[in-house]
Structures are given as C-alpha cells and as structure tokens.
Visitor: 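Before I ask anything, here is the structure I am working with.
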Amino acid sequence: MNASTHAVSDRLYRNRRVKNAIALGLSGLATLFGLFWLVWILWTTLRTGLAAMKPSLFTQMTPPPGSDGGLANALFGSAIMSLGAILIGTPIGVAAGTYLAEYARKHPIGEAIRFVNDILLSAPSIVLGLFVYTLVVRTSGHFSGYAGALSLALIVLPVVVRTTDEMLQLVPSTMREAALSLGVPQWKVTMQVLYRSALPGIVTGVLLALARISGETAPLLFTALNNQYWTHDLSQPMASVPVVIFQYAMSPYDSWHALAWAGAFVVTLFVLLLSLLSRAILLRNKASHD
Amino acid sequence: MAANSSAITTTITAAIVDADRRNARDARADGAFRWIVTAAGIFVLLALAGAALSMLWGGREAFSTFGLGFLFSTEWDAVNHHFGALVPIYGTLVTALIAMIIAVPVSFGIALFLTEVAPNWMRGPVGAAIELLAGIPSIIYGMWGLFVFVPLMGEYVSPWLNDHIGALPLIGPLFTGPPLGIGMLTAGIVLAIMVIPFISSVMREVFLTVPTRLKESAYALGSTTTEVVWDIVLPYTRSAVIGGIFLGLGRALGETMAVTFVLGNAHQLTASLLMPGNSIAATIANEFTEADSDIYRSSLIALGFLLFIVTFFVLAAAKLMLRRLSRQEGAK
C-alpha cells in the first residue's frame with residue numbers, strides 16, 4: 001500500500017469519526033433540549049404555585065374578581081366528576097378488555113375493536129366533549145355534572161380497555177388450562193384466576209386514566225360548564241379545577257391569576273404523584289414475578 | 001339389601017341431577033358473562049361511531065347551509081351568520097406542521113441517545129423524565145406558555161426574527177410581524193414540546209426491536225454508531241418510525257388547551273407566523289359556550305367533525321404502520 005492511499009483512507013476514517021461524534025453530540029443535545037423544557041415548566045409551576053398556596057384554597061369558594069377566595073367548589077367538582085368517570089369507565093373497560101383478550105384474541109371483530117380503541121385513545125378530547133354535548137346536554141337541555149363525568153368516562157374507557165387487554169394476554173395460558181381442567185366454568189376462571197393475576201396491571205391502568213382526566217379541560221368546557229358556587233347535585237353545572245384555571249388564567253385580574261397557579265400546582269402535583277404510584281405498583285409487581 | 005341399593009341409587013341419581021343442574025347453571029352463567037363482555041366490546045366500537053355520527057348530525061345545518069364553501073371560506077361572522085372553516089383549518093395545519101418540524105428531529109435524537117449513546121444507568125431515569133413531559137396536563141402547558149413563554153417570544157425572539165430572517169427572500173414574510181409573543185410560531189413550539197415525548201417513546205421502543213445480531217454485524221464490519229443507526233436501525237424500523245410521527249401529528253392536530261392560550265383567537269389569514277391565528281380546537285374551546293345562534297353552534301360542531309375525520313385518518317395510518325413492524329416481528 002503506498003502513501004497516498006494511506007492518506008485517503010486515513011482522511012475517510014477521520015471524516016467518518018467526526019461525523020459520528022457530531023451526530024452523537026447532537027443526540028445528547030436533543031435530550032437536553034427535552035429535559036430543559038420539563039425542568040422549566042415544572043419549576044415555573046412549583047415556584048409560582050407554591051407562592052400562591054394558602055389554606056383558604058381548600059375552604060373557600062371561587063371568588064368574583066378582586067375579592068379573596070379559594071377553589072373548594074372546583075376541587076370538589078373535579079373529585080366527584082373524576083370519581084364518576086372512573087366508576088362508569090372502569091367496569092365497561094375491564095369487560096371490553098376481557099372480551100378482547102379472552103374471547104376475541106385473534107378474531108377480526110376483536111382486531112377491529114382494538115383498532116378503534118387505539119384511535120379513541122389518542123382522539124382529541126374536545127371532540128369527545130362535543131359528542132357528549134350533542135348526546136346529553138342538548139337532549140336534556142342544560143349543562144350538568146353528569147355530562148362532565150360521562151365525557152371524562154369516554155377518556156377513561158380506552159385506557160382501561162388497553163391495559164386490561166394487555167395484562168390478561170400476559171397471564172400464562174397454563175393458568176387458564178389448569179383451572180379449566182378442574183371443571184371451573186370460564187367466567188369463574190376469569191373472575192377468580194385471571195383478574196387476580198392481572199390486578200396490579202389493571203389498577204395501574206385505572207390510575208393512569210385518573211391522572212389523565214384530572215387535568216383534562218377541553219371536554220368539560222361545554223358539558224359540566226362551570227359553577228361559582230358549591231354544589232353536590234350532579235344534575236347542575238359543576239365547577240372543576242382545570243376549567244377554573246382556564247377561566248382565571250385568561251382573565252386580566254392578578255388575584256385570579258394567583259388562584260389559577262395554585263390550582264395548576266395542585267393538579268400537577270396530583271398527576272405526578274399518580275404516575276409515580278402507578279410506576280411503583282408495576283415495578284413491585286415485576287419484582288414479585290421474577 | 002334391596003332397600004340399601006335403592007338408597008344408593010337415589011343418592012347417585014340425586015347427585016347426577018344436582019351435577020346436571022350445576023352444569024346448566026354454569027353454562028348459563030358462562031353465556032351471560034360472554035354476552036356482557038361482548039356487549040362492552042361492541043360499546044367501544046359504538047362510542048367512536050356515535051361520536052362521528054353525532055357530530056355529523058350536529059353539524060348538518062352548517063354543512064347544508066354553506067355546502068362545500070364551508071371548507072374554503074375565510075369568513076367568520078357571528079353577527080351575519082356567515083361561517084367558513086378555512087382560517088381554523090389553516091391554523092391547525094400550520095401549527096401542527098411547525099410542531100412536527102421541531103419535534104421529529106429532536107425525538108429522533110432523544111431515541112438515538114437513549115438506545116445507543118447513553119450509558120446504561122442513565123437510560124431508565126432520563127427516559128422516565130422525558131415521558132413525564134407527556135404526563136403534564138395540557139392546561140399547564142397553556143398557562144406556562146401564556147405567562148412565561150409568550151413574554152419571552154415577544155421581547156426577544158420575534159424582534160430577532162424580524163431583524164435577521166424577516167429581510168430574507170421567500171421565507172422572510174413568514175417571520176415579519178409585530179412582537180406580540182402570541183401567534184402560530186409560539187403555538188407550534190409549545191405543541192412540539194408536548195408531542196416530543198410521544199414520538200420519542202415510540203421511536204425508542206421500535207429501535208429496541210432491531211435484532212442485536214444485525215447491529216453487531218454492522219459494528220463488526222467497522223461501522224460507526226451513526227452509520228449503524230442510519231443504515232441498519234432506521235431502514236429496519238422505517239414504517240413504525242413513520243407511524244410514531246403520525247401518532248404525534250394526530251396529537252398535535254387535536255390539542256386544545258395549550259394552543260387556545262397562546263394562539264390569540266384571531267379569525268384572519270396571514271402569511272406571518274408571528275401573527276395570532278386560530279385552530280379548529282381553539283375556536284371550539286373559545287366560542288362554543290358563547291355561540292348564540294343555532295347556525296353558529298352547528299358550524300362549531302361541523303368544525304369538530306372535520307377535526308375528528310382528519311385525526312381519525314392520521315391515527316389510523318399511524319396504527320397501520322406501527323402494526324406492520326409488529327407483524328414482521330411476529331413472523332420471525
């Protein structure tokens with residue numbers, strides 16, 4: 001090999017090394033870019049939200065502009081509508097997930113449902129709000145907490161369907177066979193063997209769904225609307241933390257802005273704690289299986 | 001003796017009858033259970049179909065009044081009851097496009113970093129942190145955008161863009177405008193931050209499905225990490241990567257709250273990305289409760305129907321492309 005080909009291959013090699021180093025450096029920068037926004041957004045919420053926190057947040061009603069108040073009615077409304085959504089969405093979701101995993105695993109209808117469910121999972125939530133508006137609000141003639149809970153339930157549903165389906169598919173088929181060979185009817189196998197084994201996964205799915213709906217605003221705007229006062233009557237319009245945040249943040253009043261930040265802080269903290277909790281459940285479950 | 005044997009026979013018969021009865025009961029319960037779960041499964045199908053049909057029904061007045069012109073008219077006049085969807089459609093597409101231009105390369109970088117570059121101890125925590133970004137409610141993005149990001153855009157970024165890029169030919173007009181802070185560009189950037197975790201987590205997952213044998217063969221031939229990713233990993237996962245991008249696009253198109261805060265709710269068609277605009281979701285969120293006539297409300301629901309159809313096809317394409325890789329995986 002003479003000197004010139006050596007030089008050429010050296011240069012080629014160096015060029016490739018440099019290109020590689022630049023690309024890998026850029027990938028590191030991209031990751032820093034992503035983390036940068038995360039830290040910035042969380043830091044803003046934490047700092048501004050903590051500064052606006054006060055005990056009266058949990059005891060007083062949402063105030064008119066200029067006067068003092070809290071978010072008690074909105075927190076209560078959010079809690080009760082989220083609970084309603086979970087109570088509606090979970091049983092239907094678990095049942096549908098069971099159908100997919102146990103009765104229609106390779107069936108075309110099962111495939112179709114799985115496909116539609118995945119689309120429902122990422123469908124724009126405002127569209128679900130419009131759906132419930134035409135279905136419930138328009139026919140009943142007024143906004144209500146029921147409509148709000150129902151629109152949130154439509155967001156819970158696909159999450160629970162997906163996790164139930166996946167978790168049941170992970171249950172080893174030897175377990176089904178063992179139970180069936182003892183003469184246990186299939187519904188009992190499902191209820192007492194399969195659900196028990198898939199329970200941590202399903203609970204995680206429900207927690208994730210709860211995390212998603214507790215910050216959800218768009219579908220509540222024209223289903224539950226808003227309410228300045230305390231109400232536990234689900235057939236009345238109901239306040240919720242995200243909708244109040246939206247209304248207050250868009251207003252020109254500083255006192256409303258402070259309340260909106262306090263609400264944002266509470267919601268973010270709740271959502272992050274839920275996702276940590278669900279992660280912990282999954283990890284513990286994985287550890288006990290190993 | 002005879003009495004004894006007949007007693008045994010009765011007991012056995014009773015036991016058989018009992019077992020038959022139990023079998024019948026179990027069969028009935030099994031049937032009922034099957035019926036319930038099937039109904040729940042069908043319910044999921046109906047929910048999506050119901051959503052589409054109810055919006056088509058709700059928007060029928062707008063569609064029949066304005067016809068196809070609804071799609072191409074820029075008018076949005078609540079007083080004279082003239083509504084056209086072009087401005088919100090344009091805003092939705094432009095903000096989603098800006099988001100994709102930023103989010104796709106960044107997500108690819110993150111996926112590359114987390115699968116090939118980062119040391120093992122770093123992959124879990126950093127990956128979880130990026131996914132945390134997906135867990136933050138969109139209203140928080142909106143508030144942060146309005147109170148923190150918009151002032152910065154108005155004070156520093158917009159003037160800089162005006163001075164340095166605004167004078168360029170072709171792309172110049174895109175970046176000239178008043179330093180308002182709110183507008184298409186701001187909305188696009190906030191959307192990009194929101195969809196990065198979705199796209200990067202899909203990319204990361206599919207990159208991990210590439211057989212180690214393939215990658216090791218390339219490394220053994222002397223390839224650099226970049227070459228392995230570009231020539232082995234990407235071609236192997238191409239359809240799923242595009243599927244992940246479409247998934248992010250579907251999210252960006254339908255995102256409501258974050259966009260509503262920073263887009264400015266202005267029904268005007270401008271070339272400049274620094275001007276306020278409107279998107280389908282933001283228009284509905286801002287105006288639905290204020291809609292004072294049937295045709296106004298119907299036009300908003302018709303907008304929702306359009307959004308639903310577009311996101312349906314984008315998400316369906318995403319699913320089909322993601323499925324292609326898992327089929328390929330399953331066939332092995």
Side-chain angles (χ1 to χ4, degrees), chain A residues 16-17 19-20 23-24 26-28 30-31 33-35 37-38 41 44-45 92 95-96 98-100 103-104 112-113 115-120 122-128 130-131 134-135 154 157 161 185-187 211 215 217-218 221-222 225 242 245-246 249 260 264 267-268 271-272 275, chain B residues 26 29-30 33-34 36-38 40-41 43-45 47-48 50-51 54-55 57-58 105-106 109-110 112-113 117 126 129-130 132-133 135-141 143-144 146 148 193 196 224-226 247 250-251 254 256-257 261 281 284-285 288-289 301 304 307-308 311-312 315-316 319:
Chain A
R16 285 174 55 209
R17 291 260 308 242
K19 228 168 95 184
N20 186 44
L24 298 190
L26 282 179
S27 83
T31 311
F33 181 81
L35 293 176
W37 300 108
L38 175 76
I41 293 171
T44 307
T45 316
I92 302 179
T98 311
Y99 174 71
L100 291 179
Y103 292 88
I113 293 175
F115 189 78
V116 162
N117 189 65
D118 278 354
I119 286 180
L120 215 51
S122 358
S125 55
I126 193 156
V127 161
L128 299 175
L130 280 178
F131 173 38
T134 37
L135 200 70
L154 283 176
L157 179 70
V161 171
Q186 196 171 1
W187 70 273
T217 320
L221 286 174
F222 29 80
L225 202 67
I245 294 177
F246 179 49
V267 168
T268 311
V271 168
L272 293 186
S275 73
Chain B
D26 282 346
D30 256 353
F33 187 73
R34 192 194 170 103
I36 291 173
V37 297
T38 311
F43 179 81
V44 175
L45 278 182
L48 195 81
S54 76
M55 275 184 291
W57 176 250
V106 171
I110 292 175
L112 172 61
F113 183 79
V117 185
V126 173
I130 295 286
L132 212 57
L133 214 46
I136 300 176
S138 64
I139 186 139
I140 308 295
Y141 281 94
M143 269 191 92
W144 170 84
L146 182 66
V148 181
I193 305 170
I196 282 172
T224 60
T225 308
T226 317
L247 208 62
R251 291 265 171 183
T256 313
M257 296 324 292
F261 273 99
I284 302 172
F288 199 83
T289 44
I301 297 178
L307 177 65
F308 181 80
T311 47
F312 178 86
L315 293 173
K319 278 290 129 201

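Residue numbers start from 1 in every chain, and the chains themselves are labelled A, B, ... in the order their sequence lines are given, proteins ahead of strands. Basis for what follows: all heavy atoms, side chains included, without hydrogens, waters or symmetry-related copies.
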Visitor: If you look at every heavy atom in Phe131(A) and Ser54(B), which pair is closest and at what distance?
Guide: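 Scanning both residues, the minimum pair turns out to be CD1-OG, 3.0 Å.
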
Visitor: When heavy-atom pairs shorter than 4.5 Å are enumerated against chain B, which of Thr98(A), Asp118(A), Leu135(A) gives the highest number?
Guide: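 Winner by heavy-atom pair count: Asp118(A).
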
Visitor: Checking Phe246(A) against chain B: side chain, backbone, both or neither under 4.5 Å from a heavy atom?
Guide: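 Looking at Phe246(A), backbone and side chain both touch chain B.
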
Visitor: Non-hydrogen atoms of chain B under 4.5 Å away: do they reach the side chain of Val271(A), the backbone, both or neither?
Guide: side chain

Visitor: Which heavy atom of Gly254(B) sits nearest to which heavy atom of Ala281(B), and what is that distance?
Guide: O-CB, 4.0 Å

Visitor: Is Thr289(B) close to chain A through its backbone or its side chain, or both, or neither, when contacts mean heavy atoms under 4.5 Å?
Guide: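 Only the side chain of Thr289(B) comes within 4.5 Å of chain A.
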
Visitor: With a 4.5 angstrom heavy-atom cut-off, which part of Thr225(B) approaches chain A: side chain, backbone, both or neither?
Guide: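 Contact with chain A: backbone and side chain both.
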
Visitor: Side chain from CB out, backbone as N, CA, C, O: work out which of these in Ile284(B) comes under 4.5 Å of a heavy atom of chain A, or both, or neither.
Guide: both

Visitor: Contact part of Ala218(A) toward chain B, heavy-atom cut-off under 4.5 Å: side chain, backbone, both or neither?
Guide: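 Both parts, backbone and side chain.
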
Visitor: Report the option among Val126(B), Val148(B), Ile36(B) that has the most heavy-atom pairs separated by less than 4.5 Å from atoms of chain A.
Guide: Val148(B)

Visitor: For the atom pair CG (Leu157(A)) and CG (Asn117(A)), what is the distance rounded to the nearest 0.5 Å?
Guide: 6.5 Å

Visitor: Below 4.5 Å, heavy-atom pairs only: which of Ala95(A), Ala211(A), Gly215(A) has the largest tally toward chain B?
Guide: Ala95(A)

Visitor: Which answer fits Val44(B), side chain, backbone, both or neither, if we ask what part of it has an atom under 4.5 Å from a heavy atom of chain A?
Guide: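 Contact with chain A is through both the backbone and side chain of Val44(B).
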
Visitor: Is there a donor-acceptor pair closer than 3.5 Å between any side-chain N or O of Asp30(B) and the backbone N or O of Pro185(A)?
Guide: no

Visitor: Among Ala249(A), Ala123(A), Ala264(A), who wins on heavy-atom pairs under 4.5 Å with chain B?
Guide: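 Sorted descending by pairs with chain B, the first entry is Ala249(A).
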
Visitor: CZ/Phe312(B) to CD1/Ile119(A) distance, rounded to the nearest 0.5 angstrom?
Guide: 4.0 Å

Visitor: Checking Leu45(B) against chain A: side chain, backbone, both or neither under 4.5 Å from a heavy atom?
Guide: both

Visitor: Quick check: closest heavy atoms across Ala96(A) and Val161(A), and the distance to 0.1 Å?
Guide: CB-CG2, 3.9 Å

Visitor: Of the non-hydrogen atoms in Gly109(B) and Ser27(A), which two are nearest, and what is the gap between them?
Guide: O-CB, 3.3 Å

Visitor: Look up atom CD1 in Ile193(B) and atom OH in Tyr141(B), then write down how far apart they are to the nearest 0.5 Å.
Guide: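 Atom-to-atom, Ile193(B):CD1 and Tyr141(B):OH are 7.0 Å apart.
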
Visitor: Can you tell which of Gly135(B), Ala316(B), Gly304(B) has the highest number of heavy-atom pairs within less than 4.5 Å of chain A?
Guide: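 Greatest number of close heavy-atom pairs with chain A: Ala316(B).
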
Visitor: What is the minimum heavy-atom distance between Val37(B) and Tyr99(A), and which atoms define it?
Guide: O-CB, 3.3 Å

Visitor: So, taking the atom named CZ in Phe113(B) and the one named CD1 in Ile130(B), what distance separates them when rounded to the nearest 0.5 Å?
Guide: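 Going from the CZ atom of Phe113(B) to the CD1 atom of Ile130(B) covers 9.5 Å.
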
Visitor: Can you tell me which portion of Phe43(B) sits under 4.5 Å from chain A's heavy atoms? Options are side chain, backbone, both or neither.
Guide: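 For Phe43(B), side-chain heavy atoms alone lie under 4.5 Å from chain A.
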
Visitor: Only pairs of heavy atoms separated by less than 4.5 Å count here; which of Ala51(B), Pro137(B), Ala285(B) has the most with chain A?
Guide: Ala51(B)

Visitor: I need the minimum non-hydrogen distance between Leu38(A) and Ala129(B), along with the two atoms involved.
Guide: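 That closest heavy-atom pairing would be CD2-O, 3.4 Å.
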
Visitor: Considering only heavy atoms, which portion of Ala104(A) lies under 4.5 Å from any heavy atom of chain B: side chain, backbone, both, or neither?
Guide: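 Answer is neither: Ala104(A) stays 4.5 Å or more from chain B.
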
Visitor: Given a strict heavy-atom distance threshold of 4.5 Å, which part of Ile41(A) is in contact with chain B: side chain, backbone, both, or neither?
Guide: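 Both backbone and side chain of Ile41(A) come within 4.5 Å of chain B.
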
Visitor: Using a cut-off of under 4.5 Å on heavy-atom pairs, state which of Leu307(B), Val117(B), Thr38(B), Leu132(B) scores highest against chain A.
Guide: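 Going by pairs under 4.5 Å, I would pick Thr38(B).
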
Visitor: Is it the backbone or the side chain of Leu146(B) that comes under 4.5 Å from a heavy atom of chain A, or both, or neither?
Guide: side chain

Visitor: Rounded to the nearest 0.5 Å, how far does CE of Met143(B) lie from OG1 of Thr44(A)?
Guide: 10.5 Å

Visitor: Ring-plane angle category for Tyr103(A) and Phe33(B), please: parallel below 30°, perpendicular beyond 60°, tilted otherwise.
Guide: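 The arrangement is tilted - the two ring planes meet at 30° to 60°.
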
Visitor: Quick check for you: among Leu225(A), Leu35(A), Thr45(A), which has the greatest number of heavy-atom pairs under 4.5 Å with chain B?
Guide: Leu35(A)

Visitor: Sort Met257(B) into side chain, backbone, both or neither according to what part of it lies under 4.5 angstrom from a heavy atom of chain A.
Guide: side chain

Visitor: Identify which part of Ser122(A) has an atom lying under 4.5 Å from any heavy atom of chain B, answering side chain, backbone, both or neither.
Guide: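 For Ser122(A), heavy atoms of backbone and side chain both lie under 4.5 Å from chain B.
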
Visitor: Check each atom of Phe261(B) against the heavy atoms of chain A and say whether the ones under 4.5 Å are side chain, backbone, both or neither.
Guide: both

Visitor: Output the distance between atom CD1 (Ile245(A)) and atom CD1 (Ile139(B)), rounded to the nearest 0.5 Å.
Guide: 5.0 Å

